[in-house]
Amino acid sequence: MVRVWYMDDDVVSDQRLEHHKNPPKYLDLQTLNHLTGVEYFNVIQIESDNLLEDQVLTKLRQERNYNYEDEIICSKECLPNYEEKLKSFYTEHLHTDEEIRLVLDGSGYFDVRDKNDEWIRIEVTKGDLIIIPAGIYHRFTLDVNNYIQAKRYFIGEPVWTPHNRPADDMECRVNYLKKLQPITAL
Ligand SMILES: CSCCC(=O)/C(O)=C/O
Ligand SMILES: [Fe+2]
C-alpha cells in the first residue's frame with residue numbers, strides 16, 4: 001500500500017531518509033488528491049510480469065492518450081550524469097505537462113507542495129503509477145536503496161524540462177492554482 005505523509009523540517013540530514021514529523025502525519029490518497037491534484041493508480045498485475053497488459057494501465061493510456069513511453073533507471077550504474085541528475089530531480093521545480101511515472105522496480109519518493117507550501121512525501125514502489133499535475137512544485141529522490149526503474153508516459157513529443165522555483169508567472173502554474181481552488185474548497 002502506498003504511503004503518503006507530511007515531511008519534517010529537517011533539511012540537513014539525508015534526503016533519502018523518510019523524514020516524518022513527530023508524531024508522523026499520514027494522508028490517504030483521496031486527501032492527497034484533494035490537496036494537490038496528484039493522482040495515484042495501482043497497476044495490479046505487475047507481479048505476474050504482465051504489466052503492460054494490465055487493465056488499469058491500458059484504460060489510462062487509451063483514455064488519456066498517452067502515446068509516448070520510455071523507461072528510466074536511476075542508479076549509479078545506469079543513469080548518465082547520476083549525481084547531477086539526482087541533484088536536479090531534488091531541486092524544487094515544475095513542468096508544463098503532467099509527470100506520469102509507473103514504477104517497474106525499486107522505490108523512491110516524490111515530494112509535492114500542498115496549498116500551504118508544506119512538503120508531502122509520496123513513497124512509490126513496484127506497481128505504483130503516479131500522475132503529478134502540470135504546474136505543481138515538486139521534486140524526486142531515491143530512497144536508501146538507491147534504485148528505481150520506471151516507465152515514463154507522455155502525450156505527444158516529450159518535454160522533460162524542469163522549471164525551478166520560482167516559476168509563479170508561468171501559465172501552467174497559474175492554471176494549476178486556478179484548478180486547485182475549487183478542489184481545496186471542498
Ligand atoms: C523516477 S523518474 C525520475 C524523476 C523524474 O523524472 C522527475 O522529473 C522528477 O521530478
Ligand atoms: Fe519533475
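Numbering of residues begins at 1 and proceeds along the displayed sequence.
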So does Gln30 get a backbone contact from the side chain of Asp28, meaning a donor-acceptor N/O pair under 3.5 Å?
yes

Is Asp105 salt-bridged to Lys126, going by a charged N under 4.0 Å from an acidic O?
no

If you measure only the distance, is there a donor-acceptor pair under 3.5 Å linking the side chains of Asp128 and Tyr40?
yes

Return yes when atom CG of Asp9 has more than 12 non-hydrogen atoms of other residues, nucleotides or ligands closer than 6.0 Å, and no otherwise.
no

Does His95 reach the main-chain N or O of Thr161 with its side chain, forming a donor-acceptor pair under 3.5 Å?
yes

Asp114 versus Tyr6: any side-chain heavy-atom pair under 4.5 Å?
yes

Does Asn81 reach the main-chain N or O of Glu84 with its side chain, forming a donor-acceptor pair under 3.5 Å?
no

Partner residues of His20 under the ring pair (Phe, Tyr, Trp, His ring centres under 6.0 Å) criterion, sequence neighbours left out
Trp5, Tyr26

CZ-OH distance between Phe140 and Tyr90, expressed to the nearest 0.5 angstrom
11.0 Å

Shortest non-hydrogen contact from Tyr137 toward Ala167:
OH-N, 2.8 Å

Measure the spacing between CD of Glu99 and CH2 of Trp160 and express it to the nearest 0.5 Å.
8.5 Å

Just grab all the salt bridge (charged side-chain N to carboxylate O under 4.0 Å, His left out) pairs involving residues 155-171, residues at least two apart or on different chains.
Glu92-Arg165, Asp117-Arg165

Give a yes or no on whether Lys21 atom NZ has more than 12 heavy-atom contacts from other residues, nucleotides or ligands under 6.0 Å away.
yes

CA sep, side-chain torsions, deciding dist, call: Lys25, Glu118, salt bridge (Lys or Arg N to Asp or Glu O under 4.0 Å):
CA-CA 12 Å; Lys25 190 176 169 190; Glu118 286 199 61; 5.3 Å; no

Of Arg101, Arg61, Arg152, the one forming a salt bridge (Lys or Arg N to Asp or Glu O under 4.0 Å) with Glu69 is Arg61

Any sub-3.5 Å donor-acceptor pair from Arg173's side-chain atoms to Gly135's backbone N or O?
yes

Using a 6.0 Å cut-off, check whether atom NZ of Lys85 has over 12 heavy atoms from anything other than its own residue.
yes

For Thr125 and Val103 the tightest heavy-atom approach is O-CB, 3.3 Å

Run Thr96 and Met170 through side chain to side chain contact (heavy atoms under 4.5 Å, CB included) and show every step you take.
CA-CA 8 Å; Thr96 51; Met170 288 186 69; 3.7 Å; yes

Side chain to side chain contact (heavy atoms under 4.5 Å, CB included) for Val124 and Ile148? Distances and angles first, verdict last.
CA-CA 9 Å; Val124 289; Ile148 196 166; 4.1 Å; yes

Is there a side chain to side chain contact (heavy atoms under 4.5 Å, CB included) between Asn42 and Val2 once you walk through the steps?
CA-CA 9 Å; Asn42 184 242; Val2 67; over 6 Å; no

Examine the side chains of Ser107 and Asp143 and answer whether a donor and an acceptor come within less than 3.5 Å of each other.
yes

Answer yes or no: is there a donor N or O on one side and an acceptor on the other, between the side chain of Tyr176 and the main chain of Thr36, under 3.5 Å?
yes

Nearest heavy-atom approach of Arg64 to Phe41 is NH2-CZ, 3.9 Å

Audit row: Arg139, Gln15, side chain to side chain contact (heavy atoms under 4.5 Å, CB included) steps and yes/no:
CA-CA 11 Å; Arg139 62 190 181 190; Gln15 68 194 48; over 6 Å; no

Report yes or no: do His93 and His138 form a side-chain donor-acceptor pair below 3.5 Å?
yes

